[in-house]
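Take a look at the structure set out below.
Just so you know, these numbers use all the heavy atoms, side chains as well, and skip hydrogens, waters and symmetry mates.
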Amino acid sequence: MTNPVPTIPVPTTGLDVPDLFPEPAPAPSLRRAPADRTSPSRRTSPSRRPPRSRWTPPSRWTTPVRLTTLTAVAVLAVMAFAAVVSAATGDLRGGLRRLGGRDAPHALAAAELRVELMRLDAVLAGALTAGRGRDGPGRTRAPGPRAPDLFAGALARANADLRVLTAASAEDPAARREMVTVLDGLSRYQFLAGQAMLLAGEGGAERESAPPERALARYRQARDLMLRTVLPAVRRLADGGVRNVDRTYREQRRTLVTARTAAMALGAVLLVALVALNLTLLRRHNRWINPAVALVTVLACVLVGGGVQLLLSQEHRLRAAREGPLAAALAFSAARAAAPGREGILLPAGSGSPVPARLVSRDATGGTGGTGGTAGRDDGTLERLIDLNRRDLDRRLGAGTRDLDRRDMMPPVGAAVMAGLLLAGVRPRLAEFR
């Protein structure tokens, strides 16, 4: 028989009701308490080593961390997207201006200068027989403008092309060296051509049908200078202009392809981060929609689609301009240079043969003869086609530059608005965990 447990009365202050039925003490348990495995006696026991406890690290991917990470990824993605598109459009704007203001005029002016110099040489050959009223025995030359006037007109057109080439080759050392060669050779050619025409006009109407030997000697010197010095330098200028056009076109197209790929990748990262952010808000906060984050998602779709479409349209416009009007204008210029009779006529010494009537009728009489008239009409048609394609090229490049100017501020402004809305929508949700 066990002794009863003594009870200690609860002291009172006189204001509370005394506890008449104190709570009995709990009965002692019959089960043996398990030994404390972490007790000092167990730890210090030399006979048995304490087992290692399994440590579980606390979870670090909490809701605030998740919201902060997704928001930072979305903001960085939209900023990087805007930077890529802005850099690509800025580089493309410079490429279009370089292509339309330097490279294309350089290539076209060099091709046209070659044609004008060939015409100049042909007019000089016709001027050697322009002093008589007849082309030869029994043949009367058709009325038309005087050969010196035609020579001066061809020289004026060549000088116009030279001015364009001088401005276009200001930043190219190789082109500047070729320009020095052309200008020096053309100045000597004009001097020899003037002497040849002056000697051919000696004697007035009493001279023979063939020009004097001294005039022929000056013409040979002038033509040899044209064929050996001036025209090769102009051909090198034309080839250099075409290479510059192709290099600019390849660089701009490579830039557009790289920028489009990077923009699509960054746009995908941005949209995935925004979708994950919306799902996190839905699961962790039981909110069907966050207006700011939802608006940012819609704006992201618009911004990414508009930026990629802008790069695609500019790539298409650049390819159409290079392979369309510019290629056609260069082809027509090459056709003009390859037209029959462009190479001029070398008069044999003492042969007594005048310049052929087809060359004189085309260049010295305004194209009134049979074959010369047909060649003149073909030449005029090619010239009109060149002008038409040149205007089309300017229109295409100008439209591309204006399109870039209109949408120049779309990527940075859109990125700034989206970042602000995103921070404004996520900040109240993060404040709930403080």
With a 4.5 Å cut-off on side-chain heavy atoms, are Q195 and L192 touching?
yes
Can D121 and Y219 be said to form a side chain to side chain contact (heavy atoms under 4.5 Å, CB included), step by step?
CA-CA 9 Å; D121 190 64; Y219 173 72; 3.7 Å; yes
When you compare the side chain of V296 with that of V78, does any pair of heavy atoms fall below 4.5 Å?
no
Rounded to the nearest 0.5 Å, what separation is found between the CZ atom of R250 and the CZ atom of R243?
10.5 Å
Closest heavy-atom contact between G400 and L96?
C-CD1, 3.9 Å
Point-to-point distance, once rounded to the nearest 0.5 Å, from CG of L312 to CG of L256
9.0 Å
Evaluate the criterion side chain to side chain contact (heavy atoms under 4.5 Å, CB included) for residue pair L227 and L231; output intermediate values, then yes/no.
CA-CA 6 Å; L227 294 178; L231 286 179; 3.9 Å; yes
d(T401 OG1, L92 CG) to nearest 0.5 Å is 8.0 Å
Looking at D392 and R395, is any side-chain nitrogen of the basic one under 4.0 Å from a carboxylate oxygen of the acidic one?
yes
Rounded to the nearest 0.5 Å, what's the gap from NE2 on H106 to OG1 on T166? Could you check?
9.5 Å
Qualifying salt bridge (Lys or Arg N to Asp or Glu O under 4.0 Å) pairs, either residue in residues 174-192, two or more places apart
E178-R236, D184-R188
side-chain hydrogen bond (donor to acceptor under 3.5 Å, both in side chains) partners of N244, counting only residues at least two apart
R247
Nearest heavy-atom approach of A215 to A196 is CB-O, 3.6 Å
For D403, check salt bridge (Lys or Arg N to Asp or Glu O under 4.0 Å) against everything at least two apart and list the hits.
R317, R406, R407
Determine, step by step, whether L216 and E213 satisfy the side chain to side chain contact (heavy atoms under 4.5 Å, CB included) criterion, reporting the C-alpha distance in whole Å, the side-chain angles of both residues, the deciding distance to 0.1 Å, and the verdict.
CA-CA 5 Å; L216 291 176; E213 177 61 28; 4.1 Å; yes
Taken to the nearest 0.5 Å, the spacing of L124 CG from Q190 CD works out to 11.0 Å
Just wondering, do V73 and L70 contact through their side chains at under 4.5 Å, heavy atoms?
no
Any chance the side chains of R66 and T69 put a donor and an acceptor closer than 3.5 Å?
no
Would you mind writing out the side-chain donor-acceptor pairs for residues 259-273 within the sub-3.5 Å range, not counting sequence neighbours?
{"unit_1": "R260", "atom_1": "NH1", "unit_2": "E315", "atom_2": "OE1", "d": "2.5"}
{"unit_1": "T261", "atom_1": "OG1", "unit_2": "V257", "atom_2": "O", "d": "3.0"}

Please enumerate all residues that pass side-chain hydrogen bond (donor to acceptor under 3.5 Å, both in side chains) together with D239, with sequence neighbours excluded.
none
Residues in side-chain hydrogen bond (donor to acceptor under 3.5 Å, both in side chains) with R157, at least two apart?
E116
Pairs under 3.5 angstrom only: tabulate donor-acceptor contacts from the side chains of residues 97-104 to other protein residues two or more places apart or in another chain.
{"unit_1": "R102", "atom_1": "NH1", "unit_2": "E171", "atom_2": "OE1", "d": "3.0"}
{"unit_1": "D103", "atom_1": "OD2", "unit_2": "T248", "atom_2": "OG1", "d": "2.5"}

Could you check R319 against Y249 for side chain to side chain contact (heavy atoms under 4.5 Å, CB included), going step by step and ending with a plain yes or no?
CA-CA 8 Å; R319 183 175 62 252; Y249 170 71; 3.3 Å; yes
Do P325 and R396 have side chains that get closer than 4.5 Å, going by heavy atoms?
yes
Got a sec, which residues hit side-chain hydrogen bond (donor to acceptor under 3.5 Å, both in side chains) with R228, two or more places apart in sequence or on another chain?
D224
Please confirm whether the backbone N or O of L310 pairs with a side-chain atom of S313, one donor and one acceptor, at under 3.5 Å?
yes
If we only count heavy atoms from C-beta on, is the T229 to Y189 side-chain gap below 4.5 Å?
no
If you look only at pairs with a residue in residues 104-114, which of them pass as a salt bridge (Lys or Arg N to Asp or Glu O under 4.0 Å), with sequence neighbours excluded?
E112-R336
Note, V293 side chain near L421 side chain (heavy atom, < 4.5 Å)
no
Taking all non-hydrogen atoms of both residues, which atom of L120 and which atom of L155 are closest, and how far apart?
CD1-N, 3.6 Å
To the nearest 0.5 Å, how far apart are CG in L404 and OG in S86?
11.0 Å
Identify, with sequence neighbours excluded, every residue that meets salt bridge (Lys or Arg N to Asp or Glu O under 4.0 Å) alongside D246.
R322
Return the set of residues passing side-chain contact (heavy atoms from CB on, under 4.5 Å) with T71 (not counting sequence neighbours), or none when no residue passes.
V75, L277, L422, L423, V426
If every non-hydrogen atom of M179 is compared with every non-hydrogen atom of L165, which pair is closest and at what distance?
SD-CB, 3.7 Å
Which pairs pass salt bridge (Lys or Arg N to Asp or Glu O under 4.0 Å) with one or both residues in residues 73-83, sequence neighbours excluded?
none
Could you pull out the closest heavy-atom pair between A110 and L237, with the gap in Å?
CB-C, 3.9 Å
Indicate the atoms forming the closest heavy-atom contact of A415 with A82, along with that distance.
CB-CB, 3.7 Å
